Amino acid sequence: MGKISVLDKQTAELIAAGEVVDRPASVAKELIENAIDAGATAVTVEIQRGGILYMRVTDNGSGFLREDIPTAFLRHATSKIHAQDDLDTIHTLGFRGEALAAIAAVSRVELTTRTAEELAGARYRIEGGEEIGLEDAGCPEGTTIVMRDLFYNTPARMKFLKKDISEANAVSAVVDRQALSHPEVAFTFIRDGKTTLRTPGDGKLMSAIYQVCGREFAGSMLPISHEQGGIWLNGFVCKPTACRPNRNLQYFYINGRLVKSRTMMAALEQAYKNSAMVGKFPACVLHMHIPYQTVDVNVHPSKMEVRFSDEKRIFDAVYYGTKSAIAAGDVRPKMQLGGEKTERTTWSNPKERMPQRAAVRAYQQMLPTVPQAPARPDTDIFLSDVGQRAVQTNVWNPALDIEAGEEPAAAPIQASRPAESIPADPAATAEEAPAPPDGAFPSADADAVPAEEAAAPADIVPAPADMQPAEQAPIQLEEPPQPIRVIGEAFHTYILVEQGEELILLDKHAAHERILYEELKKEEEPRQQLLLTPEPVRLSREEYAAIMENIPLLRKAGYDVDDFGGSSVMVRALPLVLSGTDVKSLMAELAGGFMEQRRTALPQRLDWLYHSVACRAAVKAGNLSGPEELESLARRVLSGKDIMYCPHGRPVAIRLTRKELEKQFGRIQ
């Protein structure tokens with residue numbers, strides 16, 4: 001072993017800087033967080049060549065005192081904390097005192113700043129950790145930091161950087177995430193001389209979502225406002241039909257800080273269980289506010305990894321908040337006929353829309369106040385179960401105003417109290433509303449269901465076994481809010497139902513599958529059908545081991561299976577709805593499923609068993625069904641909102657309004 005010696009100052013600073021700054025995106029993140037901590041309401045980020053050659057971050061925050069500037073670039077120098085006890089209640093984004101020192105160690109930095117109390121500003125230059133000079137400068141209140149030639153003195157780190165376009169995209173992603181974390185701050189991002197992002201900074205999260213993620217994404221979101229056990233959750237989640245093939249658009253924030261949390265991710269995906277298509281993942285922008293002492297953010301220099309004092313409370317808050325939002329805001333998808341979107345989006349002059357907008361707002365003023373009605377970003381009038389009285393909820397689509405050049409507005413968020421079960425239909429009722437003026441409400445776009453189903457990634461995060469949500473209260477079957485008339489059946493697969501002013505198409509297999517699945521979950525004791533003759537089934541060694549490991553689950557689902565020696569099992573009974581099924585193929589299918597489900601929690605495997613039983617027992621598409629069966633399925637589906645998707649996430653029903661149909665035949669314009 002060589003002689004031990006103390007590293008020189010420059011080498012030590014370069015090593016330490018590598019923990020904080022590894023690419024231009026890291027620099028942007030640290031500087032933006034400092035600007036937000038300084039109370040800025042406007043932040044501008046400009047980059048050239050991916051941020052490697054040039055990066056400028058300007059804010060209108062409190063600025064630096066002249067005498068504090070050299071100290072700010074020393075390692076472990078910070079104004080955020082002052083004592084050891086402050087680490088227990090960190091409320092700022094930065095606190096480690098490493099950002100400016102790390103950035104200055106690997107680049108050429110120029111800082112220009114002025115506080116409100118000072119008449120003249122100051123300009124400070126530092127290169128490679130060595131101070132160049134401090135002088136007076138004229139500048140507005142706030143701070144501007146210019147970084148040039150990143151890693152100019154560390155060629156080893158420079159060669160690991162990616163192409164300019166990749167680094168620029170990474171910086172852009174950082175700005176996007178910060179804009180979503182603080183909608184009250186107006187962000188501007190300039191990339192190689194072109195402004196690519198500008199948020200209004202009006203404090204409305206939907207405005208930031210619209211600017212960052214686009215109109216289509218913003219239009220597919222459902223609002224959340226949920227409080228449970230001292231934890232506040234607000235933000236937006238996507239509709240089940242708008243789930244994506246990956247998790248790239250899942251944004252979780254704890255007290256304004258972007259975090260990566262497997263607990264929150266598992267809770268979100270568990271809430272979409274049986275609503276989202278298999279292989280699809282929900283998108284969200286969720287802000288959680290919890291007591292500072294219940295979360296530890298001092299885990300990693302990136303400050304994106306956190307630890308919670310009570311993971312179960314975090315899981316429950318996300319799960320029940322998301323469930324409530326889906327139950328309150330999701331509606332059956334509407335069939336989109338050709339030409340509808342073109343008709344709505346071809347306004348050449350925003351003033352042409354003024355008569356229509358005035359009619360809508362005049363109509364809104366005539367509506368009664370509905371204190372408890374949940375916000376639904378849709379343009380339909382929903383009917384309640386009590387007296388079939390119209391309830392108007394959020395009738396004006398903000399996307400129409402945005403299209404005409406106005407700033408986007410967030411959908412209203414209604415606070416909900418914590419509950420152990422999700423109500424079947426939480427929509428409140430109101431007094432009878434006047435009829436809307438003709439042509440006041442253009443039809444909303446339907447949520448398009450992707451044609452291809454992507455396979456679920458192997459690293460899907462299962463919900464922890466001790467974080468399974470409590471069983472929901474059974475939903476009582478009610479009469480449909482409007483009389484229904486079953487017209488018939490198309491292709492021996494789809495039931496055609498007339499209800500009020502809508503034509504509804506039901507997928508009979510998906511509907512029956514979901515009905516059976518819900519009934520199986522509610523049964524305290526599974527109903528069994530004893531086989532006349534117990535049947536032995538020989539399996540492969542792997543299949544046999546998988547079945548034997550899950551004997552308790554099989555019995556809970558209604559199977560009676562025992563070990564028969566070797567690699568065989570003896571099947572004595574099946575769930576009642578599976579009577580007449582080929583036992584050998586059923587056991588092979590279950591064994592294969594258990595082998596794929598080995599990494600998931602036991603309650604999820606039981607849920608999968610219910611899926612399997614319901615799918616096998618449900619009426620098959622293509623089979624001829626009698627009028628009584630069609631009537632029964634239609635009445636069960638339309639009697640409430642609990643039957644919206646099959647257990648695999650496919651929609652059970654879609655609807656077509658009479659108005660849209662008559663437009664296609666030219667009866668109305």
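Nothing fancy with the numbering, it's 1 onward along the sequence. Predicted, not measured: the structure shown is a model, and the values here were computed from it. Hydrogens, waters and symmetry mates are skipped; everything else that's a heavy atom, side chains included, is used.
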With rounding to the nearest 0.5 Å, note down the distance linking [atom1] in [X] to [atom2] in [Y].
X: Glu269; Y: Thr322; atom1: CD; atom2: OG1; result: 11.0 Å
X: Thr263; Y: Asp316; atom1: OG1; atom2: CG; result: 11.0 Å
X: Gln499; Y: Arg655; atom1: CD; atom2: CZ; result: 10.5 Å
X: Ser324; Y: Gln228; atom1: OG; atom2: CD; result: 8.5 Å
X: Leu506; Y: Thr493; atom1: CG; atom2: OG1; result: 12.5 Å
X: Trp232; Y: His226; atom1: CH2; atom2: NE2; result: 9.5 Å

Could you work out, with salt bridge (charged side-chain N to carboxylate O under 4.0 Å, His left out) as the rule, every residue matching Arg667, not counting sequence neighbours?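 Residues passing salt bridge (charged side-chain N to carboxylate O under 4.0 Å, His left out) with Arg667: none at all.
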
According to salt bridge (charged side-chain N to carboxylate O under 4.0 Å, His left out), who are the partners of Glu216, at least two apart in sequence or on a separate chain?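 By the salt bridge (charged side-chain N to carboxylate O under 4.0 Å, His left out) rule, Glu216 matches no residue at all.
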
Tell me the closest heavy-atom pair linking [X] and [Y], and the distance in Å.
X: Cys238; Y: Leu222; answer: O-CD1, 4.4 Å
X: Phe252; Y: Met264; answer: CD2-CE, 3.6 Å
X: Arg244; Y: Ala283; answer: CD-CB, 4.0 Å
X: Ala317; Y: Leu233; answer: O-CD2, 3.5 Å
X: Ile326; Y: Ala271; answer: CD1-O, 4.1 Å
X: Pro223; Y: Phe236; answer: CA-CD2, 3.6 Å

Sequence neighbours left out, what passes side chain to side chain contact (heavy atoms under 4.5 Å, CB included) with [X]? Give chain and number order.
X: Pro183; value: Leu205, Ala208
X: Ser585; value: Asp582, Arg616
X: Ala510; value: Asp507, Cys646, Arg650, Val652
X: Asp176; value: Ser172, Leu197, Val212

Side-chain contact, heavy-atom cut-off 4.5 Å: [X] with [Y]?
X: Cys243; Y: Phe281; value: no
X: Met288; Y: Val318; value: yes
X: Val637; Y: Ile495; value: no
X: Lys659; Y: Lys663; value: yes
X: Glu489; Y: Tyr494; value: no
X: Leu586; Y: Leu574; value: yes
X: Arg635; Y: Ile484; value: yes
X: Cys284; Y: Tyr251; value: no

Which residues pass the ring-ring contact (aromatic ring centres under 6.0 Å, His included) test with Tyr253, sequence neighbours left out?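 Partners of Tyr253 under the ring-ring contact (aromatic ring centres under 6.0 Å, His included) test: His287.
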
For [X], all residues meeting side-chain hydrogen bond (donor to acceptor under 3.5 Å, both in side chains), sequence neighbours excluded:
X: Ser625; result: Lys508
X: Glu184; result: none
X: Arg198; result: none
X: Glu662; result: Arg658

Any side-chain to backbone donor/acceptor pair from [X] onto [Y]? Under 3.5 Å, distance only.
X: Thr199; Y: Phe187; value: yes
X: Ser632; Y: Glu628; value: no
X: Gln250; Y: Pro282; value: yes

Report, as yes or no, whether the 6.0 Å neighbourhood of atom OH on Tyr272 holds more than 12 heavy atoms from other residues, nucleotides or ligands.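 Yes, because the 6.0 Å sphere around OH of Tyr272 holds more than 12 heavy atoms from other groups.
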
